[in-house]
Every structure is written in C-alpha cells, then in structure tokens.
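What follows is a short report on a single structure.
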Amino acid sequence: MRDSPHQAYPLAPSNGYPRSDMDSLSPEEEKRKKRIKWAIYITAFSVFQVMVILVFALVIMKVRTPKFRIGDIRIQTFDTGNSASPAFNMTFIAPIRIKNANFGPYKYDASSVEFTYGGVPVGQAAIPKSKANFRSTKKLDVTVSLSSASLQSTSGLASELSTGTLTLGSQGQLDGKVEMMLIFKKKKSTQMNCTVTFNVTTKSVQDTKCN
Ligand SMILES: *[C@@H]1O[C@H](CO)[C@@H](O)[C@H](O)[C@H]1NC(C)=O
Ligand SMILES: *[C@@H]1O[C@H](CO)[C@@H](O)[C@H](O)[C@H]1NC(C)=O
Ligand SMILES: *[C@@H]1O[C@H](CO)[C@@H](O)[C@H](O)[C@H]1NC(C)=O
C-alpha cells in the first residue's frame, strides 16, 4: 500500500505534505520520528562543534617554540695567522632568522648572539627588541667583528688552522611572548646553537649547522 499511494488514494490532495508518512503514521509515531530526526541533527552538530574546537585548540592555539637560527654568512674580511702565530680577525654579515610558526606574533626582548671559539667568546652581535609576525620569519642582518685576541690559549687554534679550517660557535637566547588572538599571551624562549666552519684557504663558509 505504501508503495503505491496514488492507486490506493487517487484523490489525495496535493497540498505539499509528504504523502506516505502523513497518510500512514499515527500522530505519536510522527512525533517520535521528528524527535529522532532532531536528536540526529543535534548530535551531528555537537560532533561538528567538538571537531571545530579540537582543530582550534590543537592547531591554531598550539604555541610552538620559534626557531632562532643563523643563515648564510657573508664574509667581508678574513685574516688568519699560521700555526706558528695562530690568530684570526674577521668581519662578516650574519643573517639572523627568527621563524615563527604561530598563529600570532612573537614579541621578543633585546638580546645578543655570542660567537665563540672553543667555547670562549670572541665577539657578539646585538639583537634589538622586535617581533616576528604571524606565521613568518623575521630576518635581520647583523655585522659582526671577531678576533682571537681574547683567547687565553691558542694551541687548539694552531692545530685547527694547520688543517685549513676554523670552527666557530654561535649561541643565543630570545625571551618573549607569543600573542594569540590579541588576548592570550604565552611566554616562549628560544635558543640558538649553531656551528659554522670556515675554509681558511678559500676564505669562505664551508658548513653551517644549527640544532
Ligand atoms: C688582527 O688584528 C689585530 C689588531 O688590529 C692585529 O694586531 C693582528 O695582527 C691581526 N691578526 C691577523 C691574523 O690579521
Ligand atoms: C677548502 O676549499 C678548497 C676548495 O674548495 C678545498 O680544496 C679544500 O679541501 C677545503 N679545505 C678543507 C680543509 O676542507
Ligand atoms: C650546542 O650544540 C653542541 C653540539 O652541536 C652541544 O655539544 C652543546 O652542548 C650545545 N649547547 C647548548 C647550550 O645547547
């Protein structure tokens, strides 16, 4: 009968109501079906909302540690002594990179990057207070002058220079805050720890490693 309502009720008015349900279900059953329909809608909507909140919490609001790195150094002057009188003087432009993957700016305080030889400071570069924008990399080029004058012992330098390389470290820390949605702030610090190897013969950068 429900398969062919037109034959069973040829004069049923075409007033826009769903034909078979209106005709064959009792009012209670009709109500029950509606309630089930609503329950399904509400459940689906709640699940959708929970998913939206989870994505928001896990992806958007997750506070990631910005990356603090040194890029490809551009050497300006590079003078080295030999193994008999081990020494170096150099100036270069160091591209500092602060990569912020957060959905909000990273505002950091003034800081510095220290350059070391065998763990001993041989020069430094100032990092002015600034910010890395929403999902972007702040780039700043600093000019650095380094000299072996402050090394107490040059025996390590003598043996390294005899192999034709010079290895420097660059260390630093930025302290700042990631600002989410303009209201919520989270303190974040990030460290730089890079090693740069120079080729003394060609006076060029042979390798840059950061961890
Ligand atoms: C480095 O600079 C100092 C001071 O200017 C100078 O006395 C020294 O000879 C230089 N060393 C080298 C290896 O160029
Ligand atoms: C320095 O660079 C030259 C030219 O690329 C290369 O022949 C030499 O082996 C390098 N020195 C070291 C210590 O790697
Ligand atoms: C920097 O990295 C070197 C190895 O690449 C490691 O030996 C050293 O402990 C690190 N320093 C800091 C301050 O993390």
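In each ligand, atom 1 is the first atom listed, and ligand 1 is the first ligand listed. When a residue number appears, it is its place in the shown sequence, counting from 1.
Looking only at side-chain heavy atoms (C-beta outward), Ile70 and Ile73 come within less than 4.5 Å of each other.
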Distance dump, ligand 2 polar atoms to protein, N/O, under 3.5 Å:
from, atom 1, to, atom 2, distance (Å)
ligand 2, 2 (O), Asn199, ND2, 2.1
ligand 2, 11 (N), Asn199, ND2, 3.0
ligand 2, 14 (O), Gln206, OE1, 3.4
ligand 2, 14 (O), Gln206, NE2, 2.9

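Put simply, OG on Ser111 and CD on Gln173 are 7.5 Å apart, with the number rounded to the nearest 0.5 Å.
The six-membered or imidazole ring of Phe56 lies away from that of Phe103, with a centre-to-centre distance of 6.0 Å or more.
Taking distance alone, with nitrogen or oxygen atoms compared against 3.5 Å, Thr195 stays at or beyond that limit from ligand 3.
In Lys139, the NZ atom is not crowded: 12 or fewer heavy atoms of neighbouring residues, nucleotides or ligands sit closer than 6.0 Å.
Within ligand 1, the atoms closer than 4.0 Å to a non-hydrogen atom of Gly81 are 13 (C), numbered from 1 in the order shown. In the vicinity of Thr80, heavy-atom distances shorter than 4.0 Å reach the ligand 1 atoms 13 (C).
For the residue pair Gln171 and Thr116, a side-chain donor N or O sits within less than 3.5 Å of a side-chain acceptor on the partner. In the model, Thr77 has a side-chain atom that pairs as donor or acceptor with a side-chain atom of Thr91 under 3.5 Å.
Take Arg32 and apply the salt bridge (Lys or Arg N to Asp or Glu O under 4.0 Å) test, not counting sequence neighbours, and it matches no residue.
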